Amino acid sequence: MEERFAYGLNPKKLGAVSAYLCDPASAPAEFLLLKSQYQAETGRAVERGALFFQIRQAFPPGEVTPEEANKIGYETAMRWTKGKYQFFVCTHIDKGHIHNHIYYNSTAQDCSRKFHNFIGSSFAVRRLSDRVCIEHELSVIQNPKQHSKGRFLHYGQWIGEKPPSAQQRVRLGIVAALEQKPADFPAFLRLMEESGFQVKHGRGGVISFLAPGQDKYTRLRASTLGPGFDPDDIRATISGERPIPELPQDSPAPARRVNLIIDIQERMAQGKGPAYERWAKVYNIKQMAAALLYLREHGLSDYEALATSTEAAVDRAHKLAGELRDTEAALSKTSELMGAVVQYAKTRPVFDGYKAARYSRKYLAQHEAELADYRAAKAAMSELLGGAKLPKMDTLKKQHRELSEKKKALYAEYRKAQADMRQAVAVKANIDHLLGHADEQKNKAQER
């Protein structure tokens, strides 16, 4: 750490320096002191993981001064760490291009946590850096490529070479164990243990797996691992009632949503002060930068393409919403029919006894509630079936399971489509405001 920091603070290279919650000259000692406090308060060893992280940020020759580059590096570091970690920014001018070295502590200032690197973090920090640069009207790399072992790779290829996440490793282990066709669920758990996973039995029968080399357990449930990875799904696969679940692909963290820009004149007319105006202008610059970054990432080079893309996103979200409503209605109907069948089966012997007693009033008085439940169940079955033949209970259970799985998959797809729609609509609204289309639409609406 001292060697790296000394390189960053080399006066022969240094053009500017800034810091947050630390003094660059004594940063190694301050970083380690904070780690000692973290270990004393939490009891967790500080030797595990990284001591600090470094971000390098470069600019084209002649585009910025060292002071401007340092300011941009400081803003990038502050937004990346959210003000929770010590950091300092060293701006070097020894190369043909000005560049920043950003060093930040891996331990939070309040000793509550440590920063954990994640798959796709380089993409996330590059995207943040691009956004900050666009806000400051600086250039960004249009077609970024990742360099690895002398080869230039596109991001899609580069991310494909990254190791799988803990969840994906658990999924792979589950699929491999199921392919060996265990006799029952305990045999499946033994196969997981033999392949290197630790099995944890929690309260209420909860099962969790710890992948080799991981620190946290991954719970066996569909909300964590995806459709088909619930304990009931695993048991159904073992018994041959359903196929081995498919492996979903890990994806990078979703980008932050683009918000609508603020109409400053309208807000100022409502009595907002100069401080609000200054904040709103900065906020609008950030939202327009996010909108432009969205256009570049989605390859939308003209307004017509943006309008078409937005309309397609809205149509897709509405279509999925309709499919989801239909699936929920079918699932509700199946659940009601299953409940009515169970109630009918439970109360049918009482009705048979009533019939055998030749509809005796005494029998009716003794079993009035059960007979009422029987009639209600029979009426519900008749209404739900609509004259169709009553399917077997096994068929109803299978249908219910399939509809539940379809609902889960549709919900996940709908949530993503809804987020895409909101982002696309916000971007289009911001571009309309920038081009003056929003004012034209307002004028047309007033004329009508």
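Quick caveat, the model's predicted, so the values are computed rather than measured.
- Atoms CG and CD1, on L178 and I238 in that order, are 6.0 Å from each other to the nearest 0.5 Å.
- Residues F52 and F87 keep their aromatic ring centres 6.0 Å or farther apart.
- Remark: side-chain polar atoms of N70 are paired, donor with acceptor, to backbone N or O of V89 under 3.5 angstrom.
- Here the two rings, on F53 and Y85, have centers that are 6.0 Å apart or farther.
- In terms of heavy atoms, C133 sits closest to S139 at CB-O, 4.2 Å.
- In this structure, CZ on F197 lies 6.5 Å from CZ on R169, to the nearest 0.5 angstrom.
- The two residues P391 and L385 come nearest to each other via the heavy atoms CD-CD2, 4.1 Å.
- Residues passing the side chain to side chain donor-acceptor pair (under 3.5 Å) test with R221, sequence neighbours excluded: S223, T224.
- Atom CD of Q54 sits in a crowded spot, with more than 12 heavy atoms from other residues, nucleotides or ligands closer than 6.0 Å.
- Screening K71, E68, E75 for a side-chain hydrogen bond (donor to acceptor under 3.5 Å, both in side chains) with H136, the sole residue that qualifies is E75.
- In this structure, the side chains of R316 and M421 stay at 4.5 Å or more apart for every pair of heavy atoms.
- Annotation: E41, atom CD; neighbour count of heavy atoms from other residues, nucleotides and ligands within 6.0 Å is above 12.
- Contacts of K416 classified as side chain to side chain donor-acceptor pair (under 3.5 Å), with partners at least two apart in sequence or in another chain: D420.
- Residue S332 holds its OG atom at 11.0 Å from CG of L337, rounded to the nearest 0.5 Å.
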Before giving the answer on side chain to side chain contact (heavy atoms under 4.5 Å, CB included), spell out for H92 and H101 the whole-Å C-alpha distance, their side-chain angles and the decisive distance to 0.1 Å. CA-CA 8 Å; H92 284 187; H101 291 265; 3.4 Å; yes
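- Residues I234 and I207 form no side-chain contact, since every pair of their non-hydrogen atoms from C-beta on lies 4.5 Å or further apart.
- Taking the six-membered ring for Trp and the full ring otherwise, Y104 and Y20 have centroids separated by 6.0 Å or more.
- Judged purely by distance below 3.5 Å, without hydrogens or angles, the side chains of D432 and Y303 pair a donor atom with an acceptor atom.
- Residues P227 and E405 form no side-chain contact, since every pair of their non-hydrogen atoms from C-beta on lies 4.5 Å or further apart.
- In this structure, a donor-acceptor pair under 3.5 Å is absent between the side chains of R415 and Q418.
- Side-chain N or O atoms of Y103 include one that pairs as donor or acceptor with a backbone N or O of R4 at under 3.5 Å.
- Looking at S309, its side chain never comes within 3.5 Å of a backbone N or O of A305 through a donor-acceptor pair.
- Between D326 atom CG and L403 atom CG the span is 11.0 Å, to the nearest 0.5 Å.
- Salt bridge status for E413 with K406: absent, with no side-chain N to carboxylate O gap under 4.0 Å.
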Q399 and L396: side chain to side chain contact (heavy atoms under 4.5 Å, CB included), yes or no, with the steps? CA-CA 5 Å; Q399 183 178 353; L396 287 175; 4.2 Å; yes
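- Here the closest non-hydrogen pair linking A417 and A317 is O-CB, 4.0 Å.
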E402 vs R242, test: salt bridge (charged side-chain N to carboxylate O under 4.0 Å, His left out). Steps then yes/no. CA-CA 10 Å; E402 291 175 350; R242 58 169 298 151; over 6 Å; no
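- Checked against the 6.0 Å centroid criterion, the rings of Y344 and Y374 qualify as a close aromatic pair.
- For R348 and F351, the positive end is not near the middle of the six-membered ring at less than 6.0 Å and at most 45° from its axis.
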Please test H99 against T91 for side chain to side chain contact (heavy atoms under 4.5 Å, CB included), starting from the C-alpha separation and ending with a verdict. CA-CA 6 Å; H99 59 279; T91 303; over 6 Å; no
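- Nearest heavy-atom pair, L51 versus N105, reported as atom, atom and distance to 0.1 Å: O-OD1, 3.4 Å.
- When atom types are taken as modelled, the side chain of T327 and the backbone of E323 share a donor-acceptor pair closer than 3.5 angstrom.
- For the atom pair CZ (F88) and SG (C22), the distance works out to 6.5 Å, reported to the nearest 0.5 Å.
- The distance between the ring centers of F185 and F188 falls below 6.0 angstrom.
- At least one donor-acceptor pair closer than 3.5 Å links the side chain of S239 to the backbone N or O of R235.
- Although no hydrogens or angles enter the test, the distance criterion places no donor-acceptor pair under 3.5 Å between the side chain of D110 and the main chain of K84.
- Side chains of V342 and M393 form a contact here, defined as non-hydrogen atoms less than 4.5 Å apart.
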Pair K12-D94, salt bridge (charged side-chain N to carboxylate O under 4.0 Å, His left out): steps then yes or no: CA-CA 7 Å; K12 296 180 180 180; D94 59 316; over 6 Å; no
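- Counting all heavy atoms, side chain and backbone alike, C90 lies closest to G8 at CB-O, 3.3 Å.
- Atoms OG and CG, on S121 and L128 in that order, are 12.5 Å from each other to the nearest 0.5 Å.
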Going through the distances and angles, do L225 and V170 end up as a side chain to side chain contact (heavy atoms under 4.5 Å, CB included)? CA-CA 8 Å; L225 297 174; V170 171; 4.0 Å; yes
Under the criterion salt bridge (charged side-chain N to carboxylate O under 4.0 Å, His left out), I'd like the reasoning laid out for K397 against E241: C-alpha separation, chi angles, the key distance, then a yes or no. CA-CA 11 Å; K397 289 181 179 179; E241 297 179 8; over 6 Å; no
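- Residue pairs meeting the side-chain hydrogen bond (donor to acceptor under 3.5 Å, both in side chains) criterion with at least one member in residues 174-200, sequence neighbours excluded, are Q198-Y217.
- A donor-acceptor pair under 3.5 Å links the side-chain atoms of S335 to the main chain of L331, judged by distance alone.
- T107 and L34 get closest at one heavy-atom pair: O-CD2, 3.6 Å.
- Judged purely by atom type and a 3.5 angstrom limit, Q57 has no side-chain atom pairing as donor or acceptor with the backbone of I102.
- Remark: side-chain polar atoms of Q86 are paired, donor with acceptor, to backbone N or O of L21 under 3.5 angstrom.
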